[in-house]
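What you see is a predicted model; the values in this text were computed from it and never measured.
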Amino acid sequence: MFKVQCSKIIVYQVLPRLFGNRNTRRIPHGSLEENGCGKMNDFDVATLRRIKESGITHIWFTGVIRHATQTDYSAYGIPVQHPEVVKGKAGSPYAIADYYDIDPDLAVNVSERMKEFEALVERVHQAGMKVIIDFVPNHVAREYKSICKPEGVKDLGEGDDINMHFSIKNNFYYCWNQPLDLSDIELGTLNFELYDMQSENIDISEDKSVSEAKSNHKVQSSKLKVQRYTETPARATGNDQFSNRPSPNDWYETVKLNYGIDYCDAGGRSEHFNPIPNTWGKMTDILLFWAGKGIDGFRCDMAEMVPAAFWTWATDKVKFQYPDCLFIGEVYDPNQYRTYIGAGFDYLYDKVGMYDCIRDVICGRRRTTDITSQWQATDDIRDHMLYFLENHDEQRIASDFFAGKAEKGIPGLIVSALLQKNPFMLYAGQEYGERGMDEEGFSGKDGRTTIFDYWSVDTLTRAEQRKLTKEEKALKAMYDKVLNIARSEKSVAEGESFDLMYVNQQYQRQYAFLRKADSEVLLVVANFDEQSADMDVTIPAHAFDYLQIKEKNAIATDLLTGKKKRIVLRRDEAVSLQLPPLGAVVLKFKA
């Protein structure tokens, strides 16, 4: 049994659409009926207990708010979305169609989808964990329309003056009298339930019969004539594309929200925050709505594309009513880290710093000493940085595009999870070595697990069926050990950190550091090499002084293996270690 856990946050990112789906047909571009979909109810008591036992403290449920989809839920009063502005059959979780609604795909009873979500939150809390959901503040789906907004709430765009390119009273940006031009966008795979059986605007060419097309369910745009999506005037696209003609590489399925910044001012970008822009109040009300549902935090998508002034205003209002509510920001510009932390964010992605560095170390493109440079760059805000090795945007470690082998990520896991007190995030399937090499449909074979398609994740499915390989079981056991060390060892969760690489720079594929709280010390040494390594780890006199460690002979226990080792602790002298390939030692001893 593991110890009583401390305050280290371990976030587990899951897409419920994928996590609980045990349908293994996996038809590229498959429909909901063909490929199935996971449900919120799949997170039952037993499943949540297993997640908790893995060392998880917070579950980030990705894609629970209703977003644009090609699946027809009109029988439930949910508007049908035009497939030209939906990426994939399932649609992107980041093209929100109603901020006040739950994704119907995830409900067993669509009419009771909000109640099912509320029950999920309650189960997670009863299991001793907390709930994080996405807040997508920068953009919404092209056909956004709330059917679940509370009484008296005005919808986004309601009351906008469409003749104004920019106004603080508007929620969107408009292109003067110019229609949206999607001629550069391929129509892709369309949903026949919506655009054949319900529409007279489809014409099958090349002598292919409608019945054959229906049975195929995968007729491409070159074989179709479809009434295209229309929008007049065009609204700016989500990735700050302010023309009426977005490209295939733009977030063309979304529209940009207006927080009071005129991006097309004659003098360039200008800020207009007084009086408070209309969008600020509407989006803060949405945050308060979900906080009122008992969720414990928000992962804020592309937070840096929304002005820090809004976040200061909104987080203050939310935390006044819900003081423990966490805000995790997706911010990629290190020059803005401190601004957004000052605006109320508890944690920020450390992507362009620590993630990119450790990825390069794993792949042999950088020395391990570069890890030191990354934490030093954010040393003053170290407790606010969120470390990770995978998420839905990044390629899987085991993919051909990253390391090609899940075990190569183990030393990166150990460093990311144990180096500092800050949170660590795990992506569902990572712990089993999921490769992300499926060609699911809209999401091609790119080393990522799709967020756009109906699909099931091979390793998650086999884990539920208890059909994992020996290697996958060993990987999962290692993840469980490391994450529980992070949670149960006070020296990791609450203690000081001391980087040892400045006196061990001769080692290019190993990384060593100390952690200490009270009288307990951990010596952590990770080996990024595929070969075993003998390493003499020098511990400088400054480490003894800074951490108040006594010179002595000590019996240390390797927390990864349970084996004991006698070590000699002397100022400026070395501790000799044998490191396993792609592994580590985590030696615990008394100061």
Would you say the ring centers of Tyr355 and Phe388 fall short of 6.0 Å from each other?
yes
Less than 6.0 Å separating the ring centroids of Phe424 and Tyr387?
no
Pair [X] + [Y], salt bridge at N-O below 4.0 Å:
X	Y	value
Glu118	Lys115	no
Asp181	Arg245	yes
Asp42	Arg22	no
Glu464	Arg50	yes

Short side-chain to backbone donor-acceptor contact, Lys8 and Ala417, under 3.5 Å:
yes
With a 3.5 Å distance limit and no angle check, can you tell me whether Thr69 reaches the backbone of Thr71 through a side-chain donor-acceptor pair?
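Flag set: sc Thr69 to bb Thr71 pair under 3.5 Å.
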Matching residue for Arg396 among Glu431, Glu390, Glu434 - test: salt bridge (Lys or Arg N to Asp or Glu O under 4.0 Å):
Glu390
Is it the case that over 12 heavy atoms from other parts of the model lie below 6.0 angstrom from the NZ atom of Lys145?
no
Are a donor atom and an acceptor atom from the side chains of [X] and [Y] found within less than 3.5 Å of each other?
X	Y	value
Thr237	Arg142	yes
Ser443	Arg448	no
Ser456	Arg26	yes
Asn138	Asp301	no
Tyr94	Asp134	yes
Glu143	His82	no
Glu330	Tyr332	yes
Tyr454	Asn21	no
Lys467	Thr461	no
Tyr349	Arg299	yes
Thr279	Asn258	no

Quick check for you: to the nearest 0.5 Å, what is the distance between [X] atom [atom1] and [Y] atom [atom2]?
X	Y	atom1	atom2	answer
Leu413	Leu426	CG	CG	8.0 Å
Gln227	Glu84	CD	CD	10.5 Å
Leu348	Asp333	CG	CG	11.0 Å

Walk me through it: do Ser247 and Asn249 pass the test side chain to side chain donor-acceptor pair (under 3.5 Å)?
CA-CA 5 Å; Ser247 75; Asn249 294 325; 4.8 Å; no
Which is it for Asp103 and His67 under the side chain to side chain contact (heavy atoms under 4.5 Å, CB included) test, yes or no, and what are the steps along the way?
CA-CA 7 Å; Asp103 179 16; His67 53 268; 3.4 Å; yes
Tell me every residue that passes side chain to side chain donor-acceptor pair (under 3.5 Å) with Asp98, counting only those two or more places apart in sequence or in another chain.
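Side chain to side chain donor-acceptor pair (under 3.5 Å) check on Asp98 returns Arg66, Ser146.
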Show, in sequence, the C-alpha distance, side-chain angles and deciding distance for Asn239 and Asp250, and conclude whether the side chain to side chain donor-acceptor pair (under 3.5 Å) test is met.
CA-CA 6 Å; Asn239 61 318; Asp250 289 319; 2.8 Å; yes
Salt bridge (charged side-chain N to carboxylate O under 4.0 Å, His left out) evaluation trace for Asp400 with Arg435
CA-CA 8 Å; Asp400 295 346; Arg435 301 196 66 229; 2.3 Å; yes
Would [X] pass as a cation-pi partner of [Y], given that its NZ or CZ must be under 6.0 Å from the six-membered ring centre and within 45 degrees of the axis?
X	Y	value
Lys52	Tyr12	no
Arg359	Phe402	yes
Arg235	Tyr174	no
Lys317	Trp313	yes

Derivation of the side chain to side chain contact (heavy atoms under 4.5 Å, CB included) call for Met129 and Thr57:
CA-CA 5 Å; Met129 294 179 290; Thr57 64; 5.8 Å; no
Geometric class of the Phe135/Tyr99 ring pair [parallel <30°, tilted 30-60°, perpendicular >60°]
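Tilted, since the angle between the ring planes falls between 30° and 60°.
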Using the rule ring-ring contact (aromatic ring centres under 6.0 Å, His included), only one of Tyr322, Phe61, Phe117 pairs with Trp290; which is it?
Phe117
Step-by-step side chain to side chain contact (heavy atoms under 4.5 Å, CB included) determination, Tyr144 to Thr254:
CA-CA 9 Å; Tyr144 181 92; Thr254 68; over 6 Å; no
Apply salt bridge (charged side-chain N to carboxylate O under 4.0 Å, His left out) to the pair Glu116 and Lys39, showing each step before the final yes or no.
CA-CA 9 Å; Glu116 289 188 22; Lys39 306 295 180 182; over 6 Å; no
Take Ile59 and Ile51, measure what side chain to side chain contact (heavy atoms under 4.5 Å, CB included) needs, and give me the verdict at the end.
CA-CA 9 Å; Ile59 305 181; Ile51 293 173; 4.1 Å; yes
Assess whether side chain to side chain donor-acceptor pair (under 3.5 Å) is satisfied between Tyr432 and Gln430, documenting all intermediate values.
CA-CA 5 Å; Tyr432 301 113; Gln430 177 183 342; over 6 Å; no
Side chain to side chain donor-acceptor pair (under 3.5 Å) evaluation trace for Trp455 with Asp438
CA-CA 10 Å; Trp455 205 251; Asp438 295 336; 2.9 Å; yes
